[in-house]
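Structure first, then comments.
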Amino acid sequence: MSDDTQLADDALARVHDHRVPDPKSFKIKKTEPDSIGGFGDDDKPLAKAELKVLRQRLQDLQERLYAEHKQSLLIIFQATDTGGKDSTTRRVFRGVNPQGVRVWSFKQPSAEELDHDFLWRYHDHTPIKGMIGIFNRSYYEDVLVVRVKELAPKEVWKHRYDHINAFERLLADNGTRALKFFLDISKEEQRERLQERLDKPDKHWKFHSADLADREHWGNYQHAYEAMIRRTSTEHAPWYVVPANRKWYRDLVVARTIVETLEEMDPQFPPPEEGLDEIEIPD
Ligand code: ADP
């Protein structure tokens with residue numbers, strides 16, 4: 001066993017499984033955004049080394065998925081502002097062949113998009129066979145911001161949970177696994193991250209006063225996240241509530257979950273053409 005593999009096994013045991021165990025009774029008040037699983041406060045270097053090993057495994061699995069060209073993986077990130085959707089993507093996917101990964105960020109829908117059913121704008125971006133698709137925000141906004149800010153009447157959004165479950169069933173039947181991560185930070189952690197954006201000139205571009213308006217709705221958002229997780233955690237498209245106050249632990253949980261899911265999907269290189277060993281490359 002190589003040192004790397006030994007390290008990986010030791011550290012991996014300390015990354016807890018954050019899949020929501022019993023969605024129907026999920027309570028957002030009971031989550032622990034500060035959790036670092038089985039690690040200690042001084043274990044950050046170990047966790048960083050572990051992330052490197054997991055990234056290597058991710059790179060290999062992505063290559064197989066691409067070569068096999070039969071299945072795909074859809075990764076969804078939802079979080080409050082400053083929750084870390086961008087940086088998790090950047091840190092977990094560092095070194096992965098960009099040709100096999102597409103990231104889509106969804107903003108406020110255009111007039112044309114609003115004239116369609118709410119899933120229309122997302123469906124076109126779901127990953128094709130062999131690809132990993134990352135949704136930075138997603139159709140879950142249509143039961144989050146839309147619900148909290150009353151952008152559509154309850155009579156409209158209340159049916160969307162069922163529509164989403166049916167949509168994800170369709171994806172699963174077509175060979176697309178969906179993995180959904182809620183990056184869970186505390187209100188105090190958000191305050192610190194927003195303050196950092198004000199304090200550091202190179203982070204000013206990330207600060208939007210509108211985020212403060214959203215922060216005022218913190219309680220309503222928490223309520224909407226709870227409903228989302230209760231109603232849309234399914235066997236084929238589970239929610240993971242990732243403790244995200246500590247960035248290094250958050251990254252490890254996400255990387256581990258993606259690697260283990262890809263290992264379960266078990267993509268295989270396609271068989272080689274026949275007679276390869278008889279071929280000589282001409283000068
Ligand atoms: P981010 O915060 O993701 O880095 P922005 O600051 O541009 O990016 O915010 C995107 C905005 O788009 C958010 O305020 C979000 O609530 C909004 N948004 C995304 N999807 C929808 C939707 N389906 N309906 C309404 N607003 C949406």
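Counting starts at 1 for both ligands and their atoms, in listed order. Keep in mind that what you see is a predicted model, and the values were worked out from it rather than measured.
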Checklist outcome for this item: Test salt bridge (charged side-chain N to carboxylate O under 4.0 Å, His left out), reference Arg57, set Glu50, Glu260, Glu263, output is Glu263
Next on the checklist: Show every ring-ring contact (aromatic ring centres under 6.0 Å, His included) that has at least one partner inside residues 163-200, sequence neighbours left out.
Outcome noted: Phe77-Phe181, His123-Phe167, Tyr139-Phe167, Phe181-Tyr240, Phe182-Tyr225
Checklist entry - Does the pair Asp22/Arg230 count as a salt bridge with the N-to-O cut at 4.0 Å? => result no
Item to check | Glu112: partners by side-chain contact (heavy atoms from CB on, under 4.5 Å), with sequence neighbours left out | outcome: Ser110, His116, Trp120
Checklist entry - Hey, which residues fall under 4.0 Å of ligand 1 on heavy atoms? => result Asp81, Lys85, Phe106, Lys107, Gln108, Pro109, Arg121, Tyr122, Arg137, Glu141, Asp142, Val145, Val146, Leu151, His208
Next on the checklist: Does Phe39 form a ring-ring contact (aromatic ring centres under 6.0 Å, His included) with Trp248? I'd like the steps, not just the answer.
Outcome noted: CA-CA 11 Å; Phe39 290 94; Trp248 56 267; 5.6 Å; yes
Item to check | Residues that Glu68 engages under salt bridge (Lys or Arg N to Asp or Glu O under 4.0 Å), provided they are two or more places apart | outcome: none
